[in-house]
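For the numbers below, each heavy atom of this structure counts, side chains included, while hydrogens, waters and symmetry mates do not.
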Amino acid sequence: MSSNPVAETVASLMPGAQAELTELVAFRSVADFDQYPRSESEGAANWVADALRAEGFQDVALLDTPDGTQSVYGFLPGPEGAKTVLLYAHYDVQPPLDEAAWTTPPFELTERDGRWYGRGAADCKGGFIMHLLALRALKANGGVPVGVKVIVEGSEEQGTGGLEQYAEQHPELLTADTIVIGDVGNFRLGLPTVTSTLRGMTLVRVQIDTLEGNLHSGQFGGAAPDALGALIRVLDSLRAEDGSTTIDGLTGDARWEGLQYEEEAFRKDAKVLDGVELIGSGTVADRIWARPAVTVLGIDCPPVVGATPSVQAGARALVSLRVPPGVDAVEASKLLQAHLEARTPWGARVSTEQIGQGQPFRADTSSPAYTAMAEAMAVAYPGEEMQSAGQGGSIPLCNTLASLYPHAEILLIGLSEPQAQIHAVNESVSPDELERLSVTEALFLQKYAAS
């Protein structure tokens, strides 16, 4: 990184940042209180609130959101007449999955091979540390030139919509000229990237019933309708032979114009086994950023161990559908439910229930804030130009904020580059990436304030 007072300050702050991230990662802040105690999430929320108070934030508050979790808010006034920027992160994390599969304990930040490992290190506790580093660097180099609001969510990973609902009920709270969502990541480690689109999503539960109760497969199998077999048939109808998503009435031939994702790089990032084909058609970028994608998330049926020779009377599944910008998630959900109901064979009884939803998002990359971000990234990543990429995942809050504040510019950056393996075992963050993006954010705030 080129010599720059802000960069030099951030570099000097990195040891302290590692210590702080260690403390924050130690909270088992999974916002599913059937799995982890509520006290773990409350502890993380209080840690974040204390950190904001220590930086001079005013009006620091733990907001009780309608889904039973807490988001943390604070406001740092800027110079008179200055613009206001909202910085977002979340302190809740995904469950660690199989803790025994982690090389080091998931809730102990551990340095290994140049990376810091721990659940939430990149997604998104590291994002909050990034915001702190940027603000500290500005304070040490002339002051923070804008008003800053920080909102740190407590249930993003659960998708229960608490913060979206709270923002809709208190629309004045998060008003800002520009919003920086620190919950995505560079396309590749060391390649500065803003995420310009997000796919929306819907979650649908489908239940199929055929019999009053299970039957002996030897006595009745072959004529008695098998609910599990019916479910398998209808789930298979959601894909074409090549694996493309095929939902009646939903188009899936859009193209992604811009940064491309080479197949070999994708295979490596996704850890696809040798000899296994990728699914779908078009470029990888078309498939993951521009087209619908269905995934069967789970099936309720007897496990192999302990299974009996029975014809199943009932079975159910949870189906996720991701939809690109330009597709209404509400309409897509209706089409998915109609498809499941129409394709269920043998006259089996079928019911569907939508249990979660979020709209897709597209940013205006021609705005002044994006110009300032491009200039900041050019300094923090010498020799590299800012890239614009899509993101297959969903952040429903983006659409809520875009709806509430239509004149605000929204930018998405963060620490979740492919090597971070967010949501998987052995999640990690690159300290170099944390350092560069903290510099980026600080320089962005300077340049945006002057624009």
Side-chain angles (χ1 to χ4, degrees), residues 31 41-42 44-46 48-92 124 127-128 131-132 134-135 138 143-156 158-183 198 200 357-359 361-364 367-370 372-373 394-413 441 444-445 448-449 451:
S41 288
E42 291 175 343
N46 280 294
V48 169
D50 288 344
L52 292 178
R53 292 188 188 100
E55 296 303 319
F57 276 75
Q58 301 175 5
D59 306 322
V60 176
L62 275 66
L63 311 177
D64 293 319
T65 55
D67 62 353
T69 64
Q70 294 178 315
S71 292
V72 187
Y73 170 83
F75 174 59
L76 187 67
E80 185 175 353
K83 299 170 184 176
T84 299
V85 177
L86 174 67
L87 305 179
Y88 168 89
H90 62 86
Y91 68 80
D92 71 304
C124 180
F128 177 62
H131 295 327
L132 290 181
L135 295 174
L138 289 173
V144 181
V146 295
V148 175
K149 293 180 178 180
V150 168
I151 187 73
V152 186
E153 189 173 4
S155 58
E156 191 275 341
Q158 295 299 310
T160 45
L163 182 55
E164 292 105 277
Q165 295 171 57
Y166 192 94
E168 288 166 351
Q169 294 165 6
H170 305 83
E172 74 291 342
L173 185 71
L174 303 181
T175 54
D177 298 293
T178 282
I179 300 165
V180 179
I181 305 288
D183 191 26
L198 297 168
Q357 190 173 91
Q359 291 287 3
F361 170 80
R362 186 189 303 276
D364 176 10
S367 66
Y370 275 84
M373 184 62 76
S394 305
I395 305 177
L397 178 66
C398 284
N399 287 89
T400 300
L401 296 176
S403 175
L404 289 173
Y405 319 118
H407 301 298
E409 302 174 64
I410 300 178
L411 301 97
L412 295 99
I413 61 172
E441 186 165 276
F444 161 74
L445 293 174
Y448 178 64
S451 66

Open item on the list: As an exercise, state the distance from CG of L411 to CG of D364, rounded to the nearest 0.5 Å.
Closed with: 10.0 Å
Task: Expected output: side-chain S403 to main-chain T400 donor-acceptor under 3.5 Å - done: no
- [ ] List in chain and number order the residues that pass side chain to side chain contact (heavy atoms under 4.5 Å, CB included) with S155, two or more places apart in sequence or in another chain; answer none if no residue qualifies.
- [x] A31, D67, T69, E153, T160
Task: Side-chain donor/acceptor of Y370 to backbone N/O of I410, under 3.5 Å - done: yes
Open item on the list: I need the L163 CG to E168 CD distance, nearest 0.5 Å.
Closed with: 10.0 Å
Open item on the list: Measuring only between side-chain heavy atoms, which start at C-beta, is E441 closer than 4.5 Å to L87?
Closed with: yes
TODO: Could you walk me through whether L63 and I151 pass side chain to side chain contact (heavy atoms under 4.5 Å, CB included), step by step?
DONE: CA-CA 10 Å; L63 311 177; I151 187 73; 4.0 Å; yes
- [ ] State the OG1-CD distance between T65 and Q70, to the nearest 0.5 angstrom.
- [x] 8.0 Å
TODO: Heavy atoms only: give me the nearest G127-A89 pair and the separation to one decimal.
DONE: C-CB, 4.1 Å
Open item on the list: Donor-acceptor pair, distance only, cut-off 3.5 Å: does the side chain of E409 make one with the backbone of A369?
Closed with: yes
Open item on the list: Tell me the closest heavy-atom pair linking A449 and V146, and the distance in Å.
Closed with: CB-CG1, 3.6 Å
TODO: Kindly indicate whether the side chain of L401, heavy atoms from C-beta on, has any atom under 4.5 Å from the side chain of I181.
DONE: yes
Task: Heavy-atom check, side chain of I413 versus side chain of M373, under 4.5 Å - done: yes
- [ ] Might you point out which heavy atoms bring G154 and S71 nearest each other, and give the distance in Å?
- [x] N-OG, 3.7 Å
TODO: Kindly compute the distance separating CG (L198) from CD1 (I395), expressed to the nearest 0.5 Å.
DONE: 5.0 Å
Task: Distance in Å, H407 NE2 paired with T175 OG1, rounded so as to fall on 0.5 Å steps - done: 12.5 Å
TODO: Report yes if the side chains of F57 and L135 come closer than 4.5 Å at any heavy-atom pair, otherwise no.
DONE: yes
Open item on the list: Between K149 and Y73 (side chain of the first, backbone of the second, donor and acceptor by atom type, cut-off under 3.5 Å), is there such a pair?
Closed with: no
Task: Nearest-0.5 Å distance, CG of residue D177 to CG of residue L86 - done: 11.0 Å
TODO: Anything under 30° is parallel, anything over 60° is perpendicular, the rest tilted; go ahead and classify H90 against Y88.
DONE: tilted
- [ ] Write down the atom of A82, the atom of P145, and the distance for their closest heavy-atom approach.
- [x] CB-O, 3.6 Å
Open item on the list: Is there a side-chain contact between D64 and L62 in this structure, where contact means two heavy atoms from C-beta onward sitting under 4.5 Å apart?
Closed with: no
Task: T178-Y448 side chain donor-acceptor pair, cut-off 3.5 Å - done: yes
Task: Which atom of P171 lies closest to which atom of Y405, heavy atoms considered - done: O-OH, 2.7 Å
